[in-house]
Amino acid sequence: MAEYAQVIVDVPTMQTNRPYTYKIPTKLQSQLECGMRVIVPFGKGERKIQGFVVGFATKEEFVENIEIKEIISTMDLAPVLAKEGLLLADWLAQKTFSFKISCLQAMLPNVMRASYTKKLRVLSPELLSDEVKLFFAGQAEVEFNEEQLSTKLLRELTLLRKKDALEVIYQVNDRAKPKMVMMITSLVTRENYEMLKKQVRKNATRQLELLAFLAQKSGQTFARSELPTNLVQTLSQLKKAAELGWIKLEEKEAYRDPYATKEVQKTQPQKLTAEQQVAVDAVSQAIDAKQAQPFLLQGVTGSGKTEVYLQTIAHALKNGQTALMLVPEISLTPQMVQRVKARFGSQVAMLHSALSDGERYDEWRRIERKEAKVVVGARSAVFAPVSDLGVIIVDEEHETSYKQEDMPRYHARNVVLWRAKYHHCPVILGSATPALETRARAQKGVYRHLKLTKRINGNALPQVELVDMRQAIRTAPRPDFSEVLLAQIKERLARNEQVVLMLNRRGYSSFVLCRECGFVLKCPNCDVSLTLHMDTHSMKCHYCGHEEAIPQRCPSCNSKKIQYYGTGTQKVQAELEKLLPNARILRMDVDTTRKKGAHERLLAKFGAHEADILLGTQMIAKGLDFPNVTLVGVLNADTALGLPDYRSSERTFQLLTQVSGRAGRADKSGQVVIQTYNPEHYAIQLACKQDYERFFFYEMNLRHLNHYPPYYYTIRLTVSAKTEAAAAKESFAIKKSLDQCLSPEAIVLGPTPSSILRINNRFYYQLVIKYKSEPALETYLHELLLQSQQGERKGIQVVIDRDPVNFL
DNA sequence: GGCCTGCCGCCC
DNA sequence: GGCGGCAGGCCT
């Protein structure tokens, strides 16, 4: 047995990718394993911190003349991370320029992240001054936080500490406690009942009642809560009953099942179309052959991708294997979840952001203990502790929400591909509008290309009509509604059918502008205008959360001619109510869906036809399936097109194609109306025709000409600081060292101020590196990562983002 | 000379 | 984050 353990330590703001060596105390020699969490002393102050055991060493393996400290204790009886998780963390840290500790933490449920508390304890009470005594208020131990103390008190406390009159205690708190329930098995039988009864005092009525109760439940196991409370009040009474041999006691883990209340009707596999059958067969063969083969399943909306997913999952389960399915957070709500639950019942574990930390931990435990064989979840579910994976599915694989925006900045799709290699299992990347990178790999044969070209019900794709707003605005009854669209809406309402209206939120919110002097109300902390929120009657900043009252007079010129400009969902709703006073309108945006479960409730309401029009932002475009919706209107197709992001065409195309697919999914045919100021733009034209293939080749050509992915790799460096000068200085310094390490083939854009220079009183500059092959770059960026930690003290932050999903 | 303060490097 | 070390400044 090794004497020493390698530990990745969790020290806030001081992160290394180097493990530290600790001595294993004899009492832990036999039980310590890789992947366990431990508590170790760190630094001069012997501060206690959490760490992960990632390896072992013997004395010969290191020749260093430093004092080796001992592990204090373990936090786990069994490893919380398997070997796969540890290997994956190494790979992630390397690929995403992240600290290993952040990768390890990302794989565990939140509750396993240590929380630290600091306490002061009195050793020599006689040395304390009156002020310090007041601080302790008669207690021997007090929790404290430097920031909350006056400098005078702090100085005094520091002095007392030097004199050993006080000591600081660091504590690591583990919040991961499985909820336990006491299970009782009755050992009282008809045979021994009389005998046991004789042993009880005649006047002990409670005991006799209990015995009678147990005789009724003979041999059964039940929770303690099912025992009438008047029979057994305390745990010691229970234990006594166990001693007498009346019952057997057991502690069992209780799970908080967030879906427990809902009864789901079980569904059977549906009959497949020829195309679906080809897809299911291809993936099933790869499952049987244990091939780590990725498939691109490209199918128009309504072509039955989900049924392909479900049947391949069933195939994996039949082989005794498990399955992992990722869906975008937004569509993780009602319908997709229902369909998976309906097929696989209690074998399904759900992981999504609406779960409480406790619920999430319970689901994680169910997976780890192999009680759940099918895992469905959003981005972070990609780390679910599933073993023996048979197939992994990524639905709507082009969704940008699969990319994590903070450390570790991973793309779930890439993690999936890694895990598939590890488990030797196939991957299905499903989408109607695959990311260009994905489709390009299918072109090259890296992914196998499966196509679903027909809608299941044989319906034609919806008719799409473009409205050129440059013309239409002249006769439009309201600036956001053309005559054509309004007429179409009225027609549906008359037929008692439903309508979905979408507006692009980006650049589409209400702000306040003074018509006298042109003053625009801006956030005091960020370089953005404040957005009007009618529900709270206030002006809000979407970046830092700043909130203030709606001005009655212009703060600049004191004119009363200050009014709302632009269009938010709220304003559109108000317009719509004026145009169609009898229509029932449901608004769905960030504001109306903030509360837990609100998203679900709104959709259920719309599904039950309690509203005629669903008005919302991007979130309504995804995965919804309402048979009675026969008209989809897009109010502003092009607001995203003008953004300085090379992906804006791709985004617009995807969004329009997706939302168009929402119309007429069942027996009724659908109509789509798209209002735009750029009717001739290729992304809009081709989205109208639902022509992904032409869009793909056209866009690929542009990417090739402009040196963008998938022809080039990109890395974005963002530098932020408290002053603009500091941010600029640091970013130019980085640019200089980059020039030294890069080959002439690489392209560096910038440094330039970010599109929003100031957010929350920090200034942002950015650099973009475009390259094909740069052997020295990865090493340089890892050095930059370690270096950037020093800068953090001076308030300079550097963020390295490989393959960023947006350039803003 | 003594001691407070700010900055820097290191922590198994 | 926290601690010791070290350099520079000002007090008595």
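To find a chain, count down the sequence lines: A is the first, B the second, and so on, and within it residues start at 1. What you are looking at is a predicted structure, and each value in this text was computed from that prediction instead of being measured.
- The nearest whole Å value for the distance from the CD1 atom in A:Ile101 to the P atom in B:dC11 is 18 Å.
- Partners of A:Tyr765 by ring-ring contact (aromatic ring centres under 6.0 Å, His included), not counting sequence neighbours: none found.
- The distance from atom CD of A:Glu67 to atom P of B:dC10 is 18 Å, rounded to the nearest whole Å.
- Here the options are A:Gln105, A:Arg113, A:Arg37, the test is side chain to side chain contact (heavy atoms under 4.5 Å, CB included), and the partner is A:Asp10; only A:Gln105 passes.
- When the shell of 6.0 Å around NZ of A:Lys770 is examined, it contains more than 12 heavy atoms from other residues, nucleotides or ligands.
- In this structure, A:Arg18 atom CZ and B:dC12 atom C1' are separated by 8 Å, rounded to whole Å.
- At the phosphate of B:dC11, neither OP1 nor OP2 sits under 4.0 Å from any side-chain N or O atom of A:Lys69.
- In this model, no donor atom of one side chain and acceptor atom of the other lie less than 3.5 Å apart for A:Lys48 and A:Gln171.
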N/O to N/O distances under 3.5 Å, protein versus nucleotides 4-9 of chain B:
{"residue": "B:dG9", "atom": "O6", "partner": "A:Arg793", "partner atom": "NH1", "Å": "3.3"}

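- Atom CD of A:Glu3 is separated from atom P of B:dC12 by 18 Å (rounded to the nearest Å).
- For A:Glu783, there are no salt bridge (Lys or Arg N to Asp or Glu O under 4.0 Å) partners at least two apart in sequence or on another chain.
- Rounded to an integer number of Å, the gap from A:Phe42 CZ to C:dG4 P is 15 Å.
- Taking atom CD of residue A:Gln6 and atom C1' of nucleotide B:dC12, one finds them 9 Å apart after rounding to whole Å.
- Remark: A:Lys772 is not positioned above the aromatic ring of A:Tyr713, lacking an NZ or CZ atom under 6.0 angstrom from the ring centre and at most 45 degrees off the axis.
- Across all strands shown, A:Tyr22 has heavy atoms under 4.0 Å from sugar-phosphate atoms exclusively, and none from any base.
- Whole-Å rounding puts the A:Lys23 NZ to B:dC12 P distance at 16 Å.
- Between the NZ atom of A:Lys48 and the P atom of B:dC12 there is a distance of 14 Å, given to the nearest Å.
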